[in-house]
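The structure under discussion appears below in the form of structure tokens.
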Number of protein chains: 2
Amino acid sequence: MTSSKTPNKSADDTDANAALESGRRRATINDIARLAGVSKKTVSRVINQSPFVREETRQRIEAVIAEWGYAPDPQARGLAFRRSFLIGMIYDNPNPQYVVNMQLGLLDGMRGSGFELVVHPCDRSSPTFLQDVRMFIERQKLFGVILPPSVSEDERVADLLRDIGCEYIRIASVPLDEEEHMIVGHDRLGAQAMGEHLVGLGHQRIGFITGLPSFRSSHERKGGFEDALAAAGLKLDADYVVQGAYTFESGLAAGEALLAKTPRPTAIFAGNDEMAAGVLQAARRAGLTVPEDLTVVGFDDFQIAQAVWPPLTTVHIPTRQVGRMATEKLIAREGHEPGDPASIIPHLVVRESSAAPKPV
Amino acid sequence: MTSSKTPNKSADDTDANAALESGRRRATINDIARLAGVSKKTVSRVINQSPFVREETRQRIEAVIAEWGYAPDPQARGLAFRRSFLIGMIYDNPNPQYVVNMQLGLLDGMRGSGFELVVHPCDRSSPTFLQDVRMFIERQKLFGVILPPSVSEDERVADLLRDIGCEYIRIASVPLDEEEHMIVGHDRLGAQAMGEHLVGLGHQRIGFITGLPSFRSSHERKGGFEDALAAAGLKLDADYVVQGAYTFESGLAAGEALLAKTPRPTAIFAGNDEMAAGVLQAARRAGLTVPEDLTVVGFDDFQIAQAVWPPLTTVHIPTRQVGRMATEKLIAREGHEPGDPASIIPHLVVRESSAAPKPV
DNA sequence: AAGGGAGTGGAAACCGGTGTCAAGAGCTTC
DNA sequence: GAAGCTCTTGACACCGGTTTCCACTCCCTT
């Protein structure tokens, strides 16, 4: 029996090795186990960094893994773990540059970790929104999800995630959840810095264009601006606050409304760069020169801020770093540095669209 | 024996049902089989649309599936199928709006199909580029990949994909591969339409700014323009062609170079909207009014085309539809209409940045 | 009525990993 | 020197599907 089985077995081995060596087949955990002369369970232990493996054995197995370029199959592993190695980004955000930068950041944070990013744009106002999100997560058994604004600000989503026990990170401008679930963007500080810049230049009658009220950042940016005014003993005149929608067109309209006021504001702070670009347009139509006749500033420091004339003084948001921190927090990577929280604080970028007001 | 087993079995059933009904557990194929009174193989046949199931049986099973909201586990299915239900988008493209629109289109094409989109930005010039791509595909056992420009134009990638037997669709402005692997964007036709527009307005001395030479679209757009000129008996003066890089800054520089020529061109056709925005800037600096003194046109019809002054006459590229067609072709969906090939042909959008040249 | 083919459904193995649990090795301890 | 302990290791079942193989039912020939 034994004697007839051994040659059989080695014949099988030879076949298996041939297929492997020729590259016709990827290595499996069984191959590695066979080549290292251990059981597949022990290989599994090495992969999962179990401490119950003798150092010598571990090194032998790791050598074989390195030699044959083995990587465990995420599907099989996921099946056994009852979850996948996919991270979902669920978003409802109109700004392509934000979305792309965020994706890049998220990928930065998971590079080399074996996780992959699955994107899921959605419509928060759809009647099937929550059901869609739930299906997406449960079907794919997502490891976790990242929620940028405005999805991050939707408590229904957070409740759902807690309910189904899915890991999540919310990216928002204010803490909305326990610290372990939040990456806070501090838009307020950025807006405050901008406010100080404007006040420092000598502006006192400053128009403000808010963003979409459905985004928390709109309120934070306005709040930060008010903080800066208050610190200088000034107050935001409600008459000089106009509602915008984070779009170029809304900025144009709001800009025209503000420029029609008497007395005219000497500066306009738009809630984002797109709207600031609209204000530049409005100023041009009104025959005003920026920054001589009017200071115009934005927020975000996206590409458009440098693609208009004059280039916009704005607040830089380190979107990519924010994304990176989000995934790192989600997968709680040991190797990686925890990431400096200060690195995600927005900062002022002074360009050519801001200057001191003309002396009266 | 039988009598002692039956109660046992039904007790198990009761337990299983309890867990199911309480929502503590998702339905598995075994649950559906049990509830429908068939074997799981038969359920599997229904899911995979095998013809060898009696109509009556199929309906009964489908009813149970609908009632319990069963969806097969993609990991388990993928493990057995030896591939996943993930589609990769591998791209190296600097334009966020293109990327986001393309993603939206790809998702449009796979909605409700059970596939998910995994994004994979990359750097084509990295020394590990091909290895990265290979690893990405093989580890995840991707169902297939979508390649937008400029990755689509890289023959090394195509060779790799053929080599490892991965399904793929290349999106490019010219046919680079067999029809079944291509979605052709016809940038040439769009550029030709723009050329006709300019010639029709009466322009004869037209500057052209090319895009990155590493993108096929750069050459196609120039080629289409030349086609239109040739049809009108004109020729593109090489002296009025400047190399750009698809960025605002490069458009600004190229615009300044073109405006310095004597005689000055009466129109400038930039290879994309970003560069056209740069040209607008250059014109402004040169004290020229658009379109009275100079016609400026772009290509792509991205957001920036409407966020500058004057709004750009440009060529609209239906990126999202292109993406949708790409995934539909990849997964070869029966239910879906094949998609009208005409719907992805670019078309001219006339706005305010183009006008007839001033009479001499 | 027996033979044969097509249509239908089940048992068991398999995809490539993981959890559970018990057994073997090597070392103390009394 | 046997019991008792910890440290390693492997056998086996399992995750939730699919595929292979086979048996059974029908139904139509001859």
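What you see is a predicted model, and the numbers here were worked out from it, not measured in a lab. Below, each value reflects all heavy atoms present in this structure, side chains not excepted, and no hydrogens, waters or symmetry copies. Below, read A as the first sequence line, B as the second, and so on, with proteins coming before strands; counting in each chain starts at 1.
Between Ser44(A) and dG17(C) there is no side-chain polar atom (N or O) within less than 4.0 angstrom of OP1 or OP2.
Every pair passing side chain to side chain donor-acceptor pair (under 3.5 Å) that includes a residue from residues 76-93 of chain B is listed here, sequence neighbours excluded: Asn48(B)-Arg77(B).
Here dG17(C) presents its C1' atom at 9 Å from CG of Asn30(A), a figure rounded to the nearest Å. Between the NZ atom of Lys41(A) and the P atom of dA23(C) there is a distance of 18 Å, rounded to whole Å. Across the protein-nucleic acid pair, Arg77(B) atom CZ and dC14(C) atom C1' stand 17 Å apart, rounded to whole Å.
Using a cutoff of 4.0 Å between basic side-chain nitrogens and carboxylate oxygens, Lys329(B) and Glu179(B) are scored as salt-bridged. Arg34(A) has a carboxylate O that lies under 4.0 Å from a charged side-chain N of Asp31(A), or vice versa, which qualifies the two as a salt bridge. Salt-bridge check for Asp159(B) with Arg156(B): failed, with every basic side-chain N at 4.0 Å or more from each acidic carboxylate O. Checked for salt-bridge contact, Asp73(B) and Lys141(A) meet the test: a charged N lies under 4.0 Å from a carboxylate O.
You'll find the side chain of Leu86(B) reaches within 4.5 Å of the side chain of Leu86(A), heavy atoms only. Side-chain atoms of Phe136(B) and Val118(B), non-hydrogen and from C-beta on, do get closer than 4.5 Å to each other. Between Pro121(A) and Leu107(B), the closest side-chain pair of non-hydrogen atoms falls below 4.5 Å.
If Val38(B) and Ile29(A) are placed on DNA chain C by their nearest nucleotide, the residue sitting closer to the 5' end is Val38(B).
Without hydrogens or angle criteria, Ser152(B) side chain to Arg170(B) main chain gives no donor-acceptor distance under 3.5 Å. A donor-acceptor distance shorter than 3.5 angstrom exists from the side chain of Arg26(A) to the backbone of Glu138(B), with no hydrogens or angles considered. A donor-acceptor pair is defined here as one N or O able to donate and one able to accept, closer than 3.5 Å; no such pair exists between the side chain of Arg124(A) and the backbone of Phe129(A).
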* Please report the C-alpha distance between Phe85(A) and Phe115(A) in whole Å, then the side-chain angles of each, then the deciding distance to 0.1 Å, and finally whether the ring-ring contact (aromatic ring centres under 6.0 Å, His included) criterion is met. => CA-CA 5 Å; Phe85(A) 294 91; Phe115(A) 286 91; 5.7 Å; yes
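If you walk DNA chain D from 5' to 3' and mark each nucleotide with an atom closer than 4.0 Å to a heavy atom of chain A, the marks span dT8(D) to dG16(D).
Rounded to 10°, the helix from dA1(C)-dT30(D) to dC30(C)-dG1(D) has 60° between the axis fitted to its first five pairs and the one fitted to its last five.
For the segment residues 79-87 of chain B, the set of residues with a heavy atom within less than 4.0 Å of an atom of DNA chain C comprises Leu79(B), Ala80(B), Arg82(B), in numerical order. Less than 4.0 Å separates DNA chain D from at least one heavy atom of each of the following residues of residues 48-67 of chain B: Asn48(B).
Residues satisfying the side-chain hydrogen bond (donor to acceptor under 3.5 Å, both in side chains) criterion with Glu178(B), sequence neighbours excluded, are absent altogether.
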